[in-house]
Amino acid sequence: MSLELKPKRWAGAIREVTLGSGSRRPVTVGGGNGLPLHTFEASFPHRPVFALEITDVAPPRWIDTVRQPWNGVLGQPAAAARRAVDEFGADLVMLHLMGTHPDRGNRSPDDAAADVRAVLESVRVPLIVKGPGAGPKQNDVLARVAEECQGEGLVLHSACQEEYKTLAAVAVAYGHVLVAESPIDMNIAKQLNILLSDASMDLRHTLIDPLTGGLGYGLEYTYSVMERIRLAALGGDAMLSSPMICLVGEEAWKAKEVKVSGGVHWEVATALTLIEAGAEVLVLRHPEALARLRKQVDCWFGGETCR
Amino acid sequence: MPLTGLQVFKLLPNTNCRECGYPTCLAFAMKLAAGKESLEKCPYASPEACAALGAASAPPIRGVTIGRGPRAITVGEETVFFRHEKTFVRRPGLFRVLNPASDRDTLLDSWRALRIDRAGETFQVDGVAIPESPGSPDDAAAAAERGFPVALLAATPQGASAMAERIKDHRPLLVPPPGADLGAYAGLAARLGVPLVVSGADLNALATAAMDATRAGVADILLEPPGADLCGLHHNLSGIRRCALDRIHPGLGHPVFLRIAAGEFEKAVLGITKFASLLAIEDHGGETWLPLWTLRQNIYTDPQKPLQMQPGVYSIGEPDAKSPLLVTTNFSLTYFIVSTELEATGLACHLAVVDAEGLSVLTAWSAGKFSGDRVAKSLRAMQATERVSHRTAIIPGYVSVISGELEDALGDGWRVLVGPQEASDIAPFLRDVWETVFR
């Protein structure tokens with residue numbers, strides 16, 4: 001009895017989204033027409049990409065293991081970005097504007113715009129910009145940054161169901177990509193994409209952030225909701241077919257288990273599991289995690305680190 | 001392969017006697033095919049019909065038990081490709097490779113004693129894998145005597161026989177070297193009645209090897225798929241699961257075995273998430289175990305039954321009678337997030353975890369599991385009320401509505417303070433409200 005695996009064919013595919021434009025070297029994700037990593041039966045024009053997270057101010061809650069690779073440049077976004085790209089080989093950089101949060105320094109939107117500008121001048125890779133989080137400050141900061149960096153194809157993180165109109169408008173007006181964040185809920189993810197479409201956002205400029213639960217802290221919820229989103233997209237649901245971004249670093253390094261040891265394992269396990277579920281943009285904190293994951297992803301998609 | 005309604009119908013007497021409770025044999029056949037009825041309701045079913053339906057309802061992946069006694073482990077019996085379709089049922093066994101060591105007994109004793117409690121599950125060394133060496137029969141016996149299920153990583157048929165004979169009553173798993181000629185090993189496994197791992201250069205060869213082992217009289221089989229890198233391994237793991245579930249080849253309806261060499265952490269992650277049932281892990285540092293156990297716990301949690309914490313009062317730091325007392329539910333994710341935030345404040349406190357059937361705060365409240373009365377009863381039962389002298393309980397902001405009812409139910413001058421809605425706001429809350437108002 002001979003056995004042939006019949007390739008699974010799907011009605012839908014993942015939308016291609018290009019991150020970065022203008023002075024950026026653009027990076028495109030998405031385009032796959034099968035289950036994540038099923039390179040044996042489907043085609044994937046683009047591979048998952050890795051961003052490293054840097055911050056506008058020295059991050060108060062990062063533990064030593066993850067601070068160490070960034071010694072000397074913590075809280076100096078331009079220098080940290082150079083290290084992320086030139087030394088650590090990041091495909092993208094995520095600048096987390098944590099210092100603009102009212103409780104963590106309350107830096108102004110103009111300060112934030114200056115930081116983003118400095119990072120854009122120091123590296124050529126696409127830039128993800130994460131605002132301070134929910135609340136009015138999120139819109140003030142990201143809108144100012146979007147205006148300042150018109151045409152650079154920034155990835156603005158993020159809009160949510162309750163608060164998306166301002167960010168959709170500035171993303172369209174100034175030529176950026178918008179991340180649509182939903183709380184580990186496929187229905188809300190879909191609803192938000194419908195709302196963004198109605199707000200004249202072209203979904204070719206959006207990513208889905210399904211909200212990451214780290215290993216041991218809800219990873220299974222994120223994993224399953226991502227598998228379901230992927231299956232719906234492959235089944236032909238255009239409102240769920242955007243590529244997905246996961247903020248792995250901030251969740252993995254929150255675990256109390258990493259305070260003793262093994263933090264890089266924790267970050268690698270979280271990220272690899274989410275790649276299996278369909279994550280295509282992974283934001284990490286530790287360069288060693290990036291190197292290890294890169295090596296594995298190259299096995300699927302070809303590349304110099306593949307053995 | 002599951003039978004269709006018409007196939008089942010052909011096996012029935014077609015007398016429409018109605019004794020099964022359905023108007024026609026066809027209607028009954030449709031219910032049978034859908035798995036909603038049992039053939040026992042048909043008094044006239046032939047032995048052939050019983051056999052055919054029995055074979056069709058056999059699980060797509062066989063269950064295999066390794067070891068004997070309380071630590072014996074059963075793997076396999078999975079029925080889905082995606083965990084959200086139903087759930088993954090049999091947590092994969094994570095076996096630890098025991099290399100020849102002078103302090104073998106001390107090592108095995110420490111492995112046996114190892115127990116780590118996390119979110120309602122106890123992590124332990126599930127079994128021991130013994131690579132063949134001059135002393136390996138003794139090693140195998142030492143592990144089996146301590147109650148561990150044992151996997152025998154053989155290099156030669158003679159070595160396999162020496163190890164397996166020694167512990168044959170402990171139902172060890174026999175693992176030939178990959179690519180070895182199966183004959184001698186299958187004969188040994190059949191004779192001793194122990195489970196056997198088969199390998200093959202591709203899925204076809206693997207399926208053929210499994211069929212050969214079955215024909216040689218081996219009852220319980222595990223499959224060791226090839227995979228030079230994670231991509232190849234992922235392809236094979238997905239292929240085996242798909243073939244088993246779709247019943248494409250009976251040779252692939254068995255659980256999967258993987259060897260994880262030192263430094264192959266990523267391979268272990270892939271194995272745990274993608275369908276491996278038994279992993280023999282070589283590990284020098286020990287740092288790999290906690291993330292792997294935790295990953296297994298996450299992936300094998302039933303999506304319909306959230307992880308629950310044991311209700312009770314948990315100490316954050318070293319709290320005393322003046323420390324704040326916070327109340328939350330026993331949904332493990334809620335507990336983890338709240339306790340992580342509390343630890344970050346550096347302030348000692350009591351965290352009372354109330355039994356809300358594993359629901360998150362708002363869900364528990366809407367389902368009536370987090371009412372003032374229920375919370376009060378629970379706090380008294382766990383003697384949380386005796387831990388503090390200030391008679392103040394802090395509740396999650398989302399259930400501010402229960403504060404009055406809870407105050408009444410607690411009585412004795414207790415008062416209820418409404419905390420923030422989000423755990424991330426606990427630190428400023430404790431700093432601004434608790435520290436200033438109550439100190």
Side-chain angles (χ1 to χ4, degrees), chain A residues 1-6 8 35 37-41 60-61 103 133-134 213-225 227-228 230-231 252 254-273 276-277 292-293 295-302 306-307, chain B residues 82-84 118-119 202-204 207-208 211 228-236 238-239 242-243 246 248-252 265-270 272-274 285-292 294-295 297-301 303 306-307 332-333 336-337 339-340 343-344 422 424-425 427-428:
Chain A
M1 198 185 226
S2 179
L3 145 169
E4 282 295 319
L5 260 193
K6 239 192 280 163
K8 254 202 167 96
L35 291 171
L37 299 179
H38 281 229
T39 48
F40 54 91
E41 61 176 359
R61 288 172 74 172
D103 285 351
L215 175 60
Y217 296 82
L219 177 63
E220 71 274 31
Y221 294 92
T222 302
Y223 183 76
S224 284
V225 93
E227 288 196 322
R228 292 171 56 210
R230 253 297 162 106
L231 286 168
K254 237 188 235 173
K256 56 183 124 187
E257 288 85 350
V258 309
K259 284 171 189 146
V260 189
S261 67
V264 174
H265 281 325
W266 214 266
E267 189 169 24
V268 166
T270 305
L272 184 55
T273 302
E276 290 170 22
R292 285 171 55 181
L293 290 160
K295 182 174 160 161
Q296 299 307 336
V297 164
D298 281 357
C299 286
W300 269 277
F301 300 92
C306 186
R307 51 184 154 146
Chain B
F82 298 102
R83 62 185 286 281
H84 66 256
R118 187 181 197 283
D202 54 33
L203 289 193
N204 220 340
T208 308
M211 298 296 279
D229 57 29
L230 290 204
C231 173
L233 184 65
H234 176 254
H235 176 180
N236 287 327
S238 306
R242 191 184 289 169
C243 285
D246 294 348
I248 287 171
H249 195 302
L252 295 179
F265 179 78
E266 290 82 352
K267 183 177 174 185
V269 168
L270 182 73
I272 289 171
T273 46
K274 291 291 172 191
E287 263 187 14
T288 58
W289 290 91
L290 195 56
L292 294 181
T294 307
L295 179 62
Q297 179 177 45
N298 282 173
I299 296 297
Y300 279 75
T301 296
L307 280 181
S332 72
L333 206 54
F336 278 133
I337 292 167
S339 64
T340 304
E343 278 167 18
E422 300 297 335
S424 52
D425 297 324

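Reminder, nothing fancy here: chain letters follow the sequence lines and each chain counts from 1.
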Gap between atom [atom2] of [Y] and atom [atom1] of [X] - 0.5 Å precision:
{"X": "B:N298", "Y": "A:Y221", "atom1": "CG", "atom2": "OH", "result": "9.0 Å"}
{"X": "A:R228", "Y": "B:H84", "atom1": "CZ", "atom2": "NE2", "result": "6.5 Å"}
{"X": "B:L295", "Y": "A:Y223", "atom1": "CG", "atom2": "OH", "result": "8.5 Å"}
{"X": "B:R242", "Y": "A:E41", "atom1": "CZ", "atom2": "CD", "result": "4.0 Å"}
{"X": "B:L230", "Y": "A:D298", "atom1": "CG", "atom2": "CG", "result": "11.5 Å"}

- Stepwise side chain to side chain contact (heavy atoms under 4.5 Å, CB included) test for B:F82 and A:L35: CA-CA 11 Å; B:F82 298 102; A:L35 291 171; 3.9 Å; yes
Looking only at heavy atoms, which two atoms of [X] and [Y] are closest? And how far apart?
{"X": "A:R292", "Y": "B:F265", "value": "NH2-CD2, 3.3 Å"}
{"X": "A:G216", "Y": "B:T294", "value": "CA-CG2, 3.3 Å"}
{"X": "B:L290", "Y": "A:W266", "value": "C-CZ3, 4.0 Å"}
{"X": "B:L333", "Y": "A:G218", "value": "CD1-N, 3.2 Å"}
{"X": "A:T39", "Y": "B:C231", "value": "OG1-SG, 3.7 Å"}

**Prompt:** Looking at B:I337, B:L270, B:T340, which makes the most heavy-atom pairs under 4.5 Å with chain A?
**Reply:**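 Going by pairs under 4.5 Å, I would pick B:L270.
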Answer key: most heavy-atom pairs under 4.5 Å with chain A among B:K267, B:Q297, B:K274, B:M211 is B:K274
Check: When the ring planes of A:F40 and B:H235 are compared, do they come out parallel, tilted or perpendicular, using 30° and 60° as the limits?
Finding: parallel
Contacts satisfying salt bridge (Lys or Arg N to Asp or Glu O under 4.0 Å) that involve residues 257-270 of chain A (not counting sequence neighbours) are A:E257-B:R118
Q. Charged N to carboxylate O under 4.0 angstrom, B:E343 versus A:K256?
A. yes
Pair A:E276 + B:R83, salt bridge at N-O below 4.0 Å
no
Engaged part of A:L293 at the chain B interface, taking heavy atoms whose separation is under 4.5 Å:
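Contact with chain B involves no heavy atom of A:L293 at all.
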If one checks every heavy atom of A:Y217 against chain B at 4.5 Å, the contacting part turns out to be both
Turns out that what part of B:S332 lies under 4.5 Å from chain A's heavy atoms comes down to neither
Cut-off 4.5 Å, heavy atoms of chain A, and the answer for B:S238 is side chain
> Which of the residues A:D103, A:V268, A:L231, A:V225 is involved in the greatest number of heavy-atom pairs with chain B at under 4.5 angstrom?
Replying inline: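 Highest number of pairs under 4.5 Å: A:L231.
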